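All values reported here derive from a predicted model rather than from experimental measurement. Just follow the structure's listing: the first ligand is 1, and inside any ligand the first atom is 1.
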Amino acid sequence: MKPTVAIHKFSSCDGCQLAFLNMGEPLIDLAQKVEIVHFAEAGMVNPEAEVDIAFVEGSIYTPEDQQRIKTIRQRSGLLITLGGCATSGGIQALRNQTREHWCDALYPSPEWIQTLSTSTPIADHVRVDLELWGCPVRTEQLIPLLTDLLRGVKPTLVDEPLCQSCKRSGAACLLVTAGKPCMGSITRGGCGAICPRYGRACYGCSGPVAAPNTAPLKSRFSALGLSPEAVERHFSMLHSGAKPFLSEGVKDE
Ligand code: SF4
Ligand code: SF4
């Protein structure tokens, strides 16, 4: 019997689910090896199904989300978060410190918005077996993960800083040679250092490494001439809810 898989969505932009849809031929191969029972974006809808592996995209944002994730946890063998929203609370966690400010700025009738006061990662609510970082996650992360799971092997997830793969690629360091505020030393690698290789400083989309040393990097950014506000904003773009970045968040204005 094939393992069953569900892909669930919470508060998110759907971008990480595209890592499945963009697989190309490996997706056909995957469909022969597993039974995908719930993947609304691809047309399969059975959110109540019991499955062997549940992928969860998105953060917990409403009281309904809080209940639904508990049910999914009970009905899933493995639960894997898919991307930054599910793993750190995502870009929408910016509102955690500034809810009234954002609601007032974005909605003409903010009193109609019925949400929790925070956007939080899945692991704050239920046990998570594996976390896939990235905004978005990439097909290149998913294929080896799925291959390992289907072979019964514990997947190995990247936790080396981006600087290591950047150095291996032979790119000149933008922080050192061009004075650009690059987050690579505290950000997970695995993206192939695509931004630094094309002259753009890393902005941390893959999330923090397990033990990032943020203080020296903040000092370095300040030495480059960034204002305190600009330094804070580098740490609070996509993963402001990630614990290593929490104290760096932008305060309400
Ligand atoms: S992590 Fe980024 S790409 Fe993925 S769902 Fe959230 S906002 Fe979209
Ligand atoms: S450019 Fe960025 S990622 Fe590359 S070595 Fe320098 S700090 Fe690290």
- Query: Numbering the atoms of ligand 1 from 1, which are under 4.0 Å from a heavy atom of G134?
  - Reply: 1 (S)
- Please answer whether the main-chain N or O of T62 pairs with a side-chain N or O of D65 as donor and acceptor at a distance below 3.5 Å. yes
- Query: What is the closest protein heavy atom to atom 2 (Fe) of ligand 1, and at what distance does it sit?
  - Reply: C135 SG, 2.3 Å
- Message: Taking backbone and side chain together, does C173 place any N/O/S atom at a distance below 2.8 Å from atom 6 (Fe) of ligand 2?
- Response: yes
- If you have a sec, work out which protein heavy atom is nearest atom 7 (S) of ligand 1 and how many Å separate them, to one decimal? C85 SG, 3.5 Å
- Item | Main-chain N/O of C16 paired to E57 side chain as donor or acceptor, under 3.5 Å | yes
- Look only at the side chain of K180 and the backbone of G199, and say whether a donor-acceptor pair between them is shorter than 3.5 Å. yes
- Message: Would the distance check show the side chain of T139 and the main-chain N or O of A19 forming a donor-acceptor pair, the cut-off being under 3.5 Å?
- Response: yes
- Item | Side chain H234, main chain Y203, donor-acceptor under 3.5 Å | no
- In terms of atom number and element, which parts of ligand 1 are under 4.0 angstrom from non-hydrogen atoms of G84? 1 (S)
- Task: Would you mind listing which atoms of ligand 2 come within a distance below 4.0 Å of any non-hydrogen atom of C182?
- Result: 1 (S), 2 (Fe), 3 (S), 7 (S)
- Message: Quick test: of every protein heavy atom, which one is nearest to atom 8 (Fe) of ligand 2, and how far off is it to 0.1 Å?
- Response: C163 SG, 2.3 Å
- Counting each atom of ligand 1 from 1 as listed, which ones have a heavy atom of S12 under 4.0 Å away? 5 (S)
- Check whether the side chains of T115 and R95 place a donor and an acceptor atom closer than 3.5 Å, and report yes or no. yes
- Message: Within ligand 2, which atoms have a heavy atom of G184 less than 4.0 Å away?
- Response: 3 (S)
- Message: Please list the nearest protein heavy atom to atom 4 (Fe) of ligand 1 with its residue and the distance rounded to 0.1 Å.
- Response: C16 SG, 2.3 Å
- For ligand 1, does E57 get within less than 4.0 Å through its side chain, its backbone, both, or neither, judged by non-hydrogen atoms? side chain
- Element-labelled atoms of ligand 2 that are located less than 4.0 Å from some non-hydrogen atom of C166: 1 (S), 3 (S), 4 (Fe), 5 (S)
- Atoms in ligand 1 with a heavy atom of P136 nearer than 4.0 Å: 3 (S)
- Message: Could you measure the distance from the OG atom of S109 to the OH atom of Y107? Nearest 0.5 Å is fine.
- Response: 12.0 Å
- Specify the protein heavy atom at minimum distance from atom 1 (S) of ligand 2: its residue, its atom name, and the distance to 0.1 Å. L174 N, 3.2 Å
- Query: When you measure from the side chain of Q141 to the backbone N and O of W133, does any donor-acceptor pair fall under 3.5 Å?
  - Reply: yes
- State whether the side chain of R73 and the backbone N or O of S76 hold a donor-acceptor pair below 3.5 Å, judged by distance alone. yes
